[in-house]
Amino acid sequence: MRIASLALVVVLLVSAVTTPVAGHPGPENDPPLADAGLDQTVERGATVWLDGGGSLDPDGEIESYRWAIETPTGDTIDPDDPDAVSTTFVPESVGRYAVTLTVTDDHGVTRNDTLYVEVSSRSGSDPADAPANESPPHANEPPTGGIAGPDTVTSGEPTTFTADVYDPDGDVVSYAWSDGQSGAEVTKTVDIPPGETFAFSVRATDDDGATRTFRKTVEVRAEGGPSGREPTIDPANQQPSVRIVGPDRVATNQSVTYALAGSDPDGRIVRWEWPGRTATGPSIDLAWTTPTTVTLRGVVTDDDGATAVATKTVEVYDEGPPVVDIAGPDTAPVGTTQEYTLEAYDPDGGNLTISWDPSQNQLERVNDRFVNHVGIEGELGETVEVRAIVTDDEGNTVIAVKETEVENSEDAEDTQGVPQLSKIRWGYVHDAPTRTGDADTIEHATYEFAASVSHNESKLVRARWTVNDSVESGYTESLGRFRGSETTGIEHTFVSETGGMVSREVTVRVVDADGQRDKQKWVSRVHSVQSHDDVVFSARASRDGPPQVERACRTGAGGRVHRGSLPELPTGLRRRHVD
């Protein structure tokens, strides 16, 4: 008997553990949330719309709905369809109706919610009392529509949804979302694990007090990829590829289009998505109102369920023209060279195109497009204008102007006893003969430079020229004692390690016996001859005349043939190092 009693106790205990009490959740079940809707005020005889679509089960589905109505007299009545999500009834008495919705989830757990309908007497005759030629008032229609937005969301990322709702016979006056937000458009951030589904709703109310609730369920996936559920994909399927096509920089309030350029090597793309945005499809139109940096994400899915992800960073800038200013002298003596400096920037960080008038020399354009050296010319008292034309990458152009007055004799500084240099004049001696005093010397890339020196007192004046060539060289010329103007000049052949075009600077300085001095500088790109190479010429005998000189050939690095003019050489072979 003791054994039998023990067995009975064990059976009862197991039964108590394995069978949950009806109407109460199991240890892992969340109960449903019942939502009967908002309280209403209507007139007797009007149709009352009931909508339980805002009810939901956090961890499952709602299996059934049940409506019950208590009248002002305490009687219980049913609406037109008591087991539907949405239904209607027509109150026949004035007073307060209590409408209770009971929902049951897929675990059998129930919850309820009650709304109250205040019914007042009609502000006119009942339909039955109306004259035969008058029809009863038209019954109000509730809002209709749905929730617009993506069917999948990324866990932890904001996503925008819109109540795409209208009222057939009036206006929608309010929206109430299940998370407490209001307005036709809301942004939701879903922080649940990938692979889960998330349900939410919005209740729309029209101008006659009728309401309707619209629901939407979305699938949650991990950032940058598909949902956490294991997709069913053919192992032999080849992955699709995708990239986002569109500008990297966009001005504020500028509408631009971005496209998902996807391809599938063994099939076709069937789905295009923009995580965090309401739009779907191959392209999306976007505009931003404030400067920011945005990372766009796009996902494509092929016909085998495989996905590919692309990202693009977009800089949104505040559009505006460049800011420009020129610094330079207000006055300058005629014949001098003055420096003008441009200060320019683009507020939105774009690139600038700069041109000068007068134009820069070639070296200045290469080395520093913001500095221009301008020779002051013209009549005394006139104005020299220096212009900088600056254009940004949106096509906005700004012109800055600096005016410099050419000093007249009264305004100029006292130059008594001071030597004055003019701007350096130069010429490229490209057609100079290749034969010089030394029969085996070859000259190429030869330039002539000259400058005028003036002095209003009879003084001894010395000029010195310097050239920053491969080895800096200098030349000093004594101009003697003079009053008035003299000319100094040099001829120079530029050299470099590799030959070709190089940047060089030529400077002339003058100083008189009292130590008073002046200076001018010339900078540009010049032709040069290659240094440290031997040049070999070979001569062969000719029966019809003097020896003929073969084409000159460099014997240095690269063994390149020099195709210059051929000099006349004495009989035999000459060899000289060009330095």
Side-chain angles (χ1 to χ4, degrees), residues 321-347 352-392 396-427 449-457 461 463 465-466 468 484-489 503-512 516-525:
V323 179
V324 179
D325 186 40
I326 296 179
D330 296 326
T331 60
V334 64
T336 61
T337 299
Q338 302 296 325
E339 181 177 277
Y340 294 82
T341 303
L342 173 66
E343 296 180 2
Y345 68 93
D346 192 358
L352 297 177
T353 301
I354 299 171
S355 61
W356 288 85
D357 181 21
S359 61
Q360 293 175 293
N361 60 48
Q362 190 169 0
L363 182 61
E364 288 175 325
R365 287 194 295 271
V366 172
N367 290 344
D368 191 348
R369 58 188 182 142
F370 291 90
V371 176
N372 191 9
H373 292 88
V374 178
I376 304 301
E377 300 175 354
E379 299 294 332
L380 299 179
E382 290 183 347
T383 299
V384 174
E385 287 190 351
V386 178
R387 298 172 179 266
I389 301 93
V390 182
T391 304
D392 65 14
N396 300 311
T397 298
V398 176
I399 300 176
V401 179
K402 176 63 181 179
E403 294 184 347
T404 299
E405 183 180 351
V406 181
E407 291 180 324
N408 57 34
S409 57
E410 289 77 15
D411 297 331
E413 296 181 0
D414 183 13
T415 58
Q416 296 293 322
V418 177
Q420 298 288 318
L421 268 171
S422 70
K423 189 176 181 180
I424 295 176
R425 304 182 298 275
W426 63 280
F449 300 93
S452 298
V453 185
S454 59
H455 209 298
N456 55 13
E457 295 183 0
V461 179
W465 293 82
T466 56
N468 70 330
S485 178
E486 291 287 345
T487 299
T488 178
S503 299
R504 291 293 185 262
E505 177 181 299
V506 177
T507 304
V508 58
R509 297 174 175 84
V510 293
V511 59
D512 65 11
Q516 301 293 332
R517 62 192 65 226
D518 195 11
K519 180 181 76 171
Q520 287 289 332
K521 180 171 65 175
W522 178 90
V523 182
S524 184
R525 287 178 63 81

Would you say [X]'s side chain and [Y]'s backbone share a donor-acceptor pair under 3.5 angstrom?
{"X": "T404", "Y": "P329", "result": "yes"}
{"X": "E403", "Y": "V384", "result": "no"}
{"X": "D512", "Y": "P419", "result": "no"}
{"X": "D357", "Y": "R387", "result": "no"}

- Query: Would you say the side chains of T391 and T397 form a donor-acceptor pair under 3.5 Å?
  - Reply: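 Yes, T397 and T391 have a side-chain donor paired with an acceptor closer than 3.5 Å.
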
- Task: Answer yes if the side chains of E405 and T331 hold a donor-acceptor pair under 3.5 Å, and no otherwise.
- Result: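 Short answer, no.
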
Side-chain contact test, heavy atoms from C-beta onward, threshold under 4.5 Å: evaluate it for [X] versus [Y] and give yes or no.
{"X": "I376", "Y": "P333", "value": "no"}
{"X": "W356", "Y": "V386", "value": "yes"}
{"X": "V390", "Y": "L342", "value": "yes"}
{"X": "Q516", "Y": "V511", "value": "no"}
{"X": "E505", "Y": "K521", "value": "yes"}
{"X": "V374", "Y": "Q338", "value": "no"}
{"X": "V461", "Y": "V453", "value": "yes"}
{"X": "V508", "Y": "I424", "value": "yes"}

- Residues K402 and D325 bridged, charged N to O under 4.0 Å: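 Result for this pair is no, no salt bridge flagged.
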
- Residues forming a ring-ring contact (aromatic ring centres under 6.0 Å, His included) with Y340, sequence neighbours excluded: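 Result, ring-ring contact (aromatic ring centres under 6.0 Å, His included) vs Y340: none returned.
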
- Query: By ring-ring contact (aromatic ring centres under 6.0 Å, His included), which residues pair with W465, not counting sequence neighbours?
  - Reply: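 Testing W465 for ring-ring contact (aromatic ring centres under 6.0 Å, His included), a comparison that skips the adjacent residues, returns none.
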
